[in-house]
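Chain letters run A, B, ... following the sequence lines, proteins first and then strands; every chain starts at 1. The figures that follow rest on heavy atoms only: side chains count, while hydrogens, waters and symmetry mates do not.
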Amino acid sequence: MYAKVIVDVPAKQTNRAFDYEVPSALRKWVEVGSRVGVPFGPRVLQGFVVELQENTQLDVKRIKPIQNVLDLVPPLTDELVMLGRWISHMYLCHEVTALQAMLPAALKAKYERAIGVGEEFGEQSLLDMPDLQAIVAYVKSKGSVPMDALMERFAADGALIKQLLGAGILTEVQVVKDRMSTKKALTVFPPADGSGLEQALSELPARANKQQEVLRYLMEHPHAIRLTELMETVEVGASTVKSLADRGWIELREVEVMRDPYAGRAFARTKPLPLTEEQSRVFAEIRAAVAEERHEVFLLHGVTGSGKTEVYLQSIQQCLDMGKEAIVLVPEISLTPQMVERFKGRFGDLVAVLHSRLSNGERYDEWRKITRKQVKVVIGARSAIFAPFTQIGLIIIDEEHESSYKQEESPKYHTRDVAVKRASMQGSVVVLGSATPSLESLERTRRRQDRAEPPYRLLTMKERVASRPMPPVAIIDMREELKSGNRSMFSTALYKAIEDRLHKKEQIVLLLNRRGYATFVMCRTCGYVSTCPHCDISLTYHQSSRMLRCHYCGYAEREVTECPSCQSKHIRHFGTGTQRVEEELGKIFPGIRVIRMDVDTTTEKGSHEKWLTMFREKQADVLLGTQMVAKGLDFPDVTLVGVIAADTVLNIPDFRSAERTFQLLTQVAGRAGRHEKQGEVFVQTYTPEHYSVQYASQHDFIAFANHELDVRANLGYPPYQRLILVTFSHEQVPLLVRFAEAFVTRLKEIALEYSTKQIDLFADAVSRDNSFQMDVLGPVASPISRIKDRYRFQCVVKYRGEDQAAEIVGRTVAWFEERSSKEKLLISVDVDPQYLM
DNA sequence: AGCACGCCGACT
DNA sequence: GTCGGCGTGCTC
């Protein structure tokens, strides 16, 4: 039997399957999806089995055998292996990179050097010496032994070992191991029927008090118990228990344990809540599709507070009733303890939770609950879409518009598209939920049936549960404030509202989508601006550390008090960041309690939850933060939401900035008045007339979407045309420009090869049919033209119709890498980019 | 990615 | 005359 194996070398030349023999001893362990150790050139590598074949004529001189199998149960399924291939084609990455992305970090290969028995073994007269024989026999019995372990065991024979290595009787070998081992704990096992313990008790000397206590405890509780737990409850030392084990009365051995991050936490069981009329209507649709096992994608547009989660929960229940599994995806930031609680509360131990705050070991153990079929529901961020389930009935993506569903490192996949692909492979239902759906998804609900990519079905929930009204949104024109002499960052209206809430002891959420203190620092005499020496970007001033920081590469320097260019002392901080707002609040409202949440205050593990808990317990009046305060939070006493500057997002030069502004304003407005108390929202802006601000204040997503879709159609942007962003970087500009231009020229040539009568290249008309059109913009300097001392150029491939585009770009990259491999030029390809940066 | 094989400068 | 530079090519 032979296996096709993808080896763990993410390089162009090794991006294909290699053939290996499956030794008969390993036959029943090697399956498609197995992780194996294989000899590759002079070393041993980890690889993934992607195909098995009985017999084939292979045109390779020597087929090597698979060395070992790394898991009892293959960590990947056939389906995930296929999905990996699809991802590698779709998003242009090496196949092994796609497969690796599906596994927890704990399963990343670790290569260890060890000593094994060499091929020279047997014919050597040296072996007559008993000492040598002992060493060789030992190594042989173990297969391979780490060098230090061997030296320790045969400490006196260091010279001999060296000699054996020199003669080739022993050789250095490489062993593939897991990065993370399973956690083991010493566990005490009393005899099965409890018999013999009484006997043992009588045999113990009278003064062996502690041992007697242990025996009595075990007679009362005749089941296995962790040694540490036993030591704690009976208050004895380990030696006491060990001596009982030595006499054979009890058994003491290592048992694999799960690291359960939610161990010891009881989740109150909840029952399905009664559904509103709207909820029932939506639920009926989803339930029917799940019950009929019909692959279908629903876009659930439900306003904030319309009770989407309850619909999810009941749909999952339908899935479980049928013996099938469900995956729930949420943005990392909204995977809060409250969210976990709702799912654990409804489905108890059937839920595995995967998020980035878990340690590698914890995540690995949660993941193994899936492979062991101990759970039926997975709730997690992005990568949970790869949960190795085989009977998926339902995949839910909450807040489907979130850009964090797009992975920014290779493989640069979009979770939504991977989910739809996976669901089509398994025949499962997908529910995309959002109060502000992405325009890509909305557009697909409006497509005609006959397209190659079938349409999604739109489900709508317009009412908030308990008929709570949407909070009124006031738009405040900051230009008017300036005219009337108010130069502070708070408008009069917002100032009064904050004062009022402080007085009433109600809570406030303030949003400013910019961290740090000031966005840039400028000399008022000569106009000098502090910029990063490694990146083409201005430095941000951080008040707490009195440092100027680069938000791209992390470079930091001391605050300047004197202009480095003209020595003037007139240094001024421009632009407002969260730190400055915090300081200002303290000045205007003495005694105000502010919690600031941004990446600077939430890097520590658990800090995110800590701040939210403090706010919930009303230990603060204001929750001030970047977009992380806009998502999914639900606090009953929040009656005021203030957006300090809506323009920060709007002014970013990106075709999605209007959409992002609308989403952000809608999400943050949804934080107010979710309970009995009526809420109020203030949006400060210098562009109050902009349609994204206007429609957000009217809570009118559909009107906004129609407007924005028109804009996109006219400009030829997604969802009507799709994009591939290709970025080049190099330390020298002239070479970079030359290469980027050569790339674009070649790309156009290759694209023309694909030109047939239904493929219409470089047509600029936006017609609504399905023909393939493609255009290349650039190359131009990237918006951030230098990062970490590397200059950046980019080109944007625009296309529509069926996508050979990724293939065309892929072929161009391959052609290009053959010619530029010796230069340190980096090319990065991003299919369906979220940001054109 | 590693690592070997393979052709041209400064040293015992 | 050799030791060693890293350019090119292969790994089942």
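- Checked for salt-bridge contact, R363(A) and E366(A) miss the test: no charged N lies under 4.0 Å from a carboxylate O.
- Computed from coordinates, the F40(A) CZ to dA1(B) P distance equals 13 Å when rounded to whole Å.
- Rounded to an integer number of Å, the gap from OH of Y2(A) to P of dC12(C) is 15 Å.
- Rounded to whole Å, atom P of dC10(C) lies 11 Å from atom CZ of F18(A).
- Look at NZ on K12(A): it is 14 Å from P on dT8(C), rounded to the nearest Å.
- Atoms CD (Q53(A)) and C1' (dC12(C)) sit 12 Å apart, rounded to a whole Å.
- Rounded to an integer number of Å, the gap from CG of L45(A) to P of dC3(B) is 10 Å.
- Interatomic distance, CD of E400(A) versus CD of E440(A), reported as 8.5 Å (0.5 Å rounding).
- When the nucleotides dC12(C), dC10(C), dG2(B) are ranked by their closest atom to the side chain of Y20(A), dC12(C) comes out on top.
- At most 12 heavy atoms of other shown residues, nucleotides or ligands fall within 6.0 angstrom of atom CE in M82(A).
- Ring pair F793(A)/F743(A): centre-to-centre distance not below 6.0 Å.
- In this structure, R43(A) reaches the dG2(B) phosphate: one of its side-chain N or O atoms is under 4.0 Å from OP1 or OP2.
- The separation between R16(A) atom CZ and dC12(C) atom C1' is 8 Å, rounded to whole Å.
- Separating the NZ atom of K64(A) from the P atom of dT11(C) is a distance of 9 Å, rounded to the nearest angstrom.
- Within the nucleic acid shown, E21(A) has no heavy atom closer than 4.0 Å to any nucleic acid atom.
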